[in-house]
Number of protein chains: 2
Amino acid sequence: MGASKTDHFTDRQNEIATLAKAIGHPARVAIIEYLLKTDKCICGDIVNELPLAQATVSQHLKELKQAGFIKGNTEGNAICYCINEKTIETLQNYFGNIFTKLEKKNNYC
Amino acid sequence: MGASKTDHFTDRQNEIATLAKAIGHPARVAIIEYLLKTDKCICGDIVNELPLAQATVSQHLKELKQAGFIKGNTEGNAICYCINEKTIETLQNYFGNIFTKLEKKNNYC
DNA sequence: CTTAAATATCGTAATATTGCAATATTAAAA
DNA sequence: TTTTAATATTGCAATATTACGATATTTAAG
């Protein structure tokens, strides 16, 4: 290839790309949405909700966690996952800021 | 593998994942940010701005366009690209909605 | 300590992404 | 029409992602 040349872009650009990539899969969108609508957020529940094997769900959870999208807390022999509000806020602000700038700008083509 | 089982998720989940994936690369974040700060949005300018070959930039532009992130308009033998506000709005609303729901919810772990 | 339940990691096959040189296409200008 | 400039597409090698069974780890209970 073609390794992704992350070192040529700004930290901010890499940060946004990493976050976006983390939810750039329907299973991970589904996980976020499931965590949003439930208070009990044990992995076992998610495995039952999704059409994927336990190992696969665990991997997706790992990626979401590494990107900072979710936090995990061991509770007995289960794990309670929850959404990291800061990350959601970061993305909301990022797109909100772009939208605001677009409104103040010539943006047609 | 493992083909991505997009058919097991909702249309909305697939839509969000597709959009997120489209900016899930620093080069594409950089392209969006460049389009945001300039009025002249010719591809040649972008090639000069980014540390990537012309072919690579063209591919990234194609992906952004396919996902609905940008629109393109031929102007002579150049092309004017601009950001699709609707897509930005979609993402802003998506994350804004999650953030609002999180505030009204027990979200610790 | 042993067992059982929950979650994580490993190994691996299938597929997708990334990057670029080379080449093709497109559109204006000469 | 030929040339020139701008952008797109093709072909291909390197790498990353995705999925899952099998296995390992972790934690609580017995």
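Below, read A as the first sequence line, B as the second, and so on, with proteins coming before strands; counting in each chain starts at 1. These figures come from a predicted structure and were not determined experimentally.
The phosphate of dA8(D) (OP1 or OP2) has no side-chain N or O of Lys62(B) nearer than 4.0 angstrom. For the pair Thr56(B) and dG19(C), the criterion of a side-chain N or O lying under 4.0 Å from OP1 or OP2 is not met. Contact check, Tyr81(B) against dA6(D): no side-chain N or O comes under 4.0 Å of OP1 or OP2. For Lys21(A) and dT17(C), the shortest distance from a side-chain N or O to OP1 or OP2 is not below 4.0 Å. An OP1 or OP2 oxygen of dA19(D) is reached within less than 4.0 angstrom by a side-chain nitrogen or oxygen of His60(A).
Nearest-nucleotide mapping onto DNA chain D: of Ala78(B) and Arg28(A), the residue sitting toward the 5' end is Ala78(B).
Note that CD of Gln54(A) and CG of Asn48(A) are 11.0 Å apart. Values are rounded to the nearest 0.5 Å.
Of all non-hydrogen atoms in Asp45(B) and Tyr34(B), the two that sit nearest each other are CB-OH, 3.2 Å.
Within the 4.0 angstrom heavy-atom criterion, only backbone atoms of the sugar-phosphate kind lie near Glu63(B); the bases stay farther away. Among the heavy atoms of the strands lying under 4.0 Å from Ala53(A) are primed sugar atoms or P, OP1, OP2 only; no base atom is included.
Summarising the geometry, the separation between CG on Asn73(B) and C1' on dT7(D) is reported as 14 Å, rounded to the nearest angstrom. Regarding His25(B), its NE2 atom lies at a distance of 8 Å from the C1' atom of dT17(C), rounded to whole Å.
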Sort me out a list of protein N/O and nucleotides 1-5 of chain C N/O pairs below 3.5 Å, or just none if empty.
none

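One finds a salt bridge joining Arg12(B) and Glu15(B) here, because a Lys/Arg side-chain nitrogen approaches an Asp/Glu carboxylate oxygen to under 4.0 Å.
The base of dA8(C) is paired with the side chain of Gln54(A) by a donor and an acceptor separated by under 3.5 Å.
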Donor-acceptor pairs are to be reported for all side-chain atoms of residues 62-79 of chain A against protein atoms at under 3.5 Å, with residues two or more places apart or in another chain.
unit_1   : atom_1 : unit_2    : atom_2 : d
Glu63(A) : OE1    : Arg28(A)  : NH1    : 3.3
Asn73(A) : ND2    : Cys109(B) : O      : 3.0

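Side-chain contact check for Gln13(A) and Glu33(B): at least one donor-acceptor pair (N or O, by modelled atom type) lies under 3.5 Å.
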Evaluate side chain to side chain contact (heavy atoms under 4.5 Å, CB included) for Val29(A) paired with Phe9(B), printing each intermediate quantity in order. CA-CA 9 Å; Val29(A) 173; Phe9(B) 301 98; over 6 Å; no

Please evaluate residues Thr87(B) and Asn84(B) with respect to the criterion side chain to side chain contact (heavy atoms under 4.5 Å, CB included), reporting the C-alpha separation (whole Å), side-chain torsions for both, the decisive distance (0.1 Å), and the verdict. CA-CA 6 Å; Thr87(B) 299; Asn84(B) 185 351; 3.6 Å; yes

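The nucleotide whose nearest atom lies closest to any side-chain atom of Gln59(B) is, among dT10(D), dG21(D), dG11(C), dT10(D).
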